[in-house]
Amino acid sequence: MLNLDGLNEKQIEAVTSIDGYFRVIAGAGSGKTKALTHRYAYLVGEAGIPPRNILCVTFTNKAACEMKKRVKALVGKDCDTSLITTYHGFCARVLREDISGLFYPENFLILDTPDQKVILSEIYDRLNISLDFASYEDICLAIDIYKDDQSYVDYLVDPKAEIHPEKAKSLKEKIILNYLIGQKKIFGLDFNDLMYFTFALFKKKPEIKQKWQEQIQYILVDEFQDCSKREYRLINILSEVNKNLFVVGDPDQTIYGWRGADMKIIMDFDKKYPKTKTIMLNQNYRSTPEIIATANSLIANNKIRIEKELFSKLEPGVLPEHLHATDEKSEAEGIIKRIKALLNEGYRYSDIAILYRAAYVSRFIEQYFTKEGIPFEIFGSLRFFERMEIKDALAFLRLAAFGDDISFLRIINKPRRRMGKPKVVYLKELAAAHGGTLYENLKNHLGDEIFANTGAAQFVTLIEELRAKVDSVNPSVLLQLALLKSGYEEFIRKDGDMDRLDNIAELKRTVEVYQENYGEFLPLKVFLQQIAVGFDNEADDKRNFIKLMTIHAAKGLEFPAVFVCGMTEGIFPSSRTIEEWFQAGLEEERRLFYVAITRAKNKLYLTESEGIGANNQKTPSRFLFEINENLYTRTGRIPEELIRKTKKKAGISNKAETQTYQVGSSVLHPLFGEGIIESIDDKYKVYNVRFKKNGAIKSIRFDYVGLSQINNDTSSRLEESFLNFNL
DNA sequence: ATTTTCGAGATTTTT
DNA sequence: TCTCGAAAAT
């Protein structure tokens, strides 16, 4: 019998309601993950539903792993948690099983960002384009947009289909088309493709769609407030047959609007599914009443939201403190002083987190912490699987498994085999003439004079040896073999960078643990596809360090003591959202601050400083003045002038322009495209417009001349497209 | 005309 | 810290 002690009435309701549509609006620290994991355990243990029929989707791998761990603790170690996964992880799973329905080979290659860049650099080389034209990031973004309409899938999936880059209207388009050719050649799918291929598969093969719809009897979705339309479409399709959809989220914590998260999906969930039962989890079990009061006071300033008031029954603590310093140096010193006081109270370094809006803010903190000898660690810099040495090491395995050019190019001359650029060019010419991959061509032309005195033959021997064992030998053994025989590990050792060597060792360990957890024999191809969709590095260490991270990175975490530093107008809220007058943007900033505040369990410090010099004088964040001043204390005197300045900035609009369009009108914006006026804000003299492009609401000034009205049947189409994701 | 230097400004990040 | 653009120096 599942133990439900320690759950409140609302949580128990969320856990034990079985069939139908449920929306849990779960405030910060209200035991949302607890409810979710217990519900999973309840479905398995009390209702007898097999884990393979329950899909639990999370936003990140980190969250998925945490969930798996907690589910295993409740249900038992042997519980198959492979369907506790991310959206992309699930798509990869579907495709691994059924991509043949699209006539695509099942040994498709999943391309991460560095892989995409390799393809692009090839194209840049070939077309003689310099990076000045556009960065790879820019092009990746353009590719994302290009893929939005999904028609490209038909080209990738049809071996006979052709596209013609030479007919492209712009250089950018030419690059994009070349990218498509490049990925088709290696059967590579980037992260977007994983979703779009799944949609295409479901559309083309209704029987496969039905198979999955029937298998997935229950769906649990975490962090639903950050769900994008695309992700929602997937969930919607999957829940069509069994109609058991349980979503958890907190609209006040939507902080990924800029990435496509659409708050409207959770807010209008009950309209989309009229039978929805909504459960509110309002009791916070994390923070002191003082911290919760501060959070409530701040978030009440947002207009677009579902009203809810969080409460805490924990022991009263101390009021949050706002520290105003005259310059960065004294801001840092103030923080250090408070850290030392916390240590005296019995806190450990690892109990403390420093949060900030933008990564660069951490710099001055770092500087002073180093000087003071305070141990700290910055979170969320490079990701493990994107590190060069890890990508290189895995490239040997990928080449053995898939034979793709990307992996080939990564490692052909690492370590040096006298296989530099001229020889690679030669290979490319061969491949262009005879077809086939670079590796195949090398293998077939090993006798060519150009490869005499190179390590090419040895390289081919190694890859062939690996290839022969791909289906019978464990990935960890193959990795060991590759690292040893290629000389790569030696190469890194000689390089002298201990971090890199450590990472290689870490990789070996990770692979071993992974294949052990898998249970049965883990084929290399499956392994590579699984880790490509992401993997948590589970390096959650218990070392006694202060953690420095952006607020985005802190989402879902909690700390006994939290410092939010750089509370300066222009940094937080960021100058961009201020300048653009986008009320929706500003509201997202405010939610972000709300997330920051609610990370703190006992102590909360908000710090900020004036700038040095007259020109770049910094003013305190407007958010500080939005919180009821009785709810926090202030240290340091803020000059009257600065307060006036901030309030003036925050007051916005002095222009008394009049409104020309009505609520519900469709309008066209030169940059954002079509949109509908959702509401009108007289105070700020803006229209709140929901744009079709990414569904985000942006505020546009009454006096902005770029806006024009368009006819109304377009607008009804827009509404429909949101509510009905028909395949 | 071309290179160099200097200073100001900076989102946020996953898959 | 990193990057980008404008002014200064060759």
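Proteins come first, then strands; the chains are lettered A, B, ... in the order of their sequence lines, and each starts at number 1.
Here the C1' atom of nucleotide C/dT1 and the CD atom of A/Glu328 are 13 Å apart, to the nearest Å. If you take CD1 of A/Ile551 and P of B/dT11, they are 16 Å apart, rounded to a whole angstrom. Nucleotide B/dT14 holds its P atom 8 Å from the NZ atom of A/Lys62, rounded to whole Å. Atom CE in A/Met549 sits about 12 Å away from atom P in B/dT14, given to the nearest Å. Taking atom OH of A/Tyr356 as the reference point, atom C1' of C/dT1 lies 13 Å away to the nearest angstrom. Spacing between atom CZ of A/Phe593 and atom C1' of B/dT11 amounts to 17 Å, rounded to whole angstrom units. Atom CD1 in A/Ile143 sits roughly 20 Å away from atom P in B/dT15 (whole-Å rounding). Atom CG of A/Asp190 and atom P of B/dT13 are 21 Å apart (whole Å).
Between A/Ile175 and A/Tyr124, some side-chain heavy-atom pair lies under the 4.5 Å cut-off.
With sequence neighbours excluded, the residues that form a ring pair (Phe, Tyr, Trp, His ring centres under 6.0 Å) with A/Tyr514 are A/Phe527, A/Phe535. A/Phe224 is linked by a ring pair (Phe, Tyr, Trp, His ring centres under 6.0 Å) to A/Phe269, counting only residues two or more places apart in sequence or in another chain. Scanning for side chain to side chain donor-acceptor pair (under 3.5 Å) contacts around A/Glu231 gives A/Ser228, with sequence neighbours left out. The side chain to side chain donor-acceptor pair (under 3.5 Å) check on A/Lys329 picks up A/Glu333, with sequence neighbours excluded.
Of the candidate nucleotides B/dT14, B/dT15, B/dT11, B/dT11 has the atom lying nearest to any side-chain atom of A/Arg357. Set against B/dT13, C/dT1, B/dT11, the side chain of A/Arg363 has C/dT1 as its closest nucleotide. Here the nucleotide nearest the side chain of A/Tyr256, chosen from B/dT11, B/dT15, B/dT13, is B/dT13. Closest to the side chain of A/Thr550, from the set B/dT13, B/dT11, B/dT14, is B/dT13. Comparing atom distances between the A/Tyr360 side chain and each of B/dT15, B/dT11, B/dA10 picks out B/dA10 as nearest. Counting only heavy atoms from C-beta on, A/Thr60 has its side chain closest to B/dT15 among B/dT13, B/dT15, B/dT12.
A/Phe572 comes within contact range of no nucleotide atom at all, as no heavy-atom separation falls under 4.0 Å. At a threshold of 4.0 angstrom between heavy atoms, the contacts of A/Ala532 with the nucleic acid are absent.
Along DNA chain B, the nucleotide nearest A/Thr86 and the nucleotide nearest A/Ala359 are compared for position; the residue whose nucleotide lies closer to the 5' end is A/Ala359. Nearest-nucleotide positions on DNA chain B place A/Glu589 closer to the 5' end than the other of A/Glu589 and A/Arg259.
Defined by atom type and a distance below 3.5 Å, a donor-acceptor pair is missing between the side-chain atoms of A/Gln225 and A/Thr254. Checked by atom type, the side-chain pair A/Asp144/A/Asn192 shows a donor-acceptor distance below 3.5 Å.
In DNA chain B, runs of at least 3 consecutive Watson-Crick or G-U pairs, each pair with both distances below 3.5 Å, span B:1-10 with C:1-10.
Annotation: salt bridge (charged side-chain N to carboxylate O under 4.0 Å, His left out) contacts involving residues 359-375 of chain A, sequence neighbours excluded, comprise A/Lys340-A/Glu372.
Per the stacking criterion (ring centres < 5.5 Å, plane angle < 30°), A/Trp258 does not stack onto the base of B/dT11.
The side chain of A/Asn61 places an N or O atom within less than 4.0 Å of a non-bridging phosphate oxygen (OP1 or OP2) of B/dT15.
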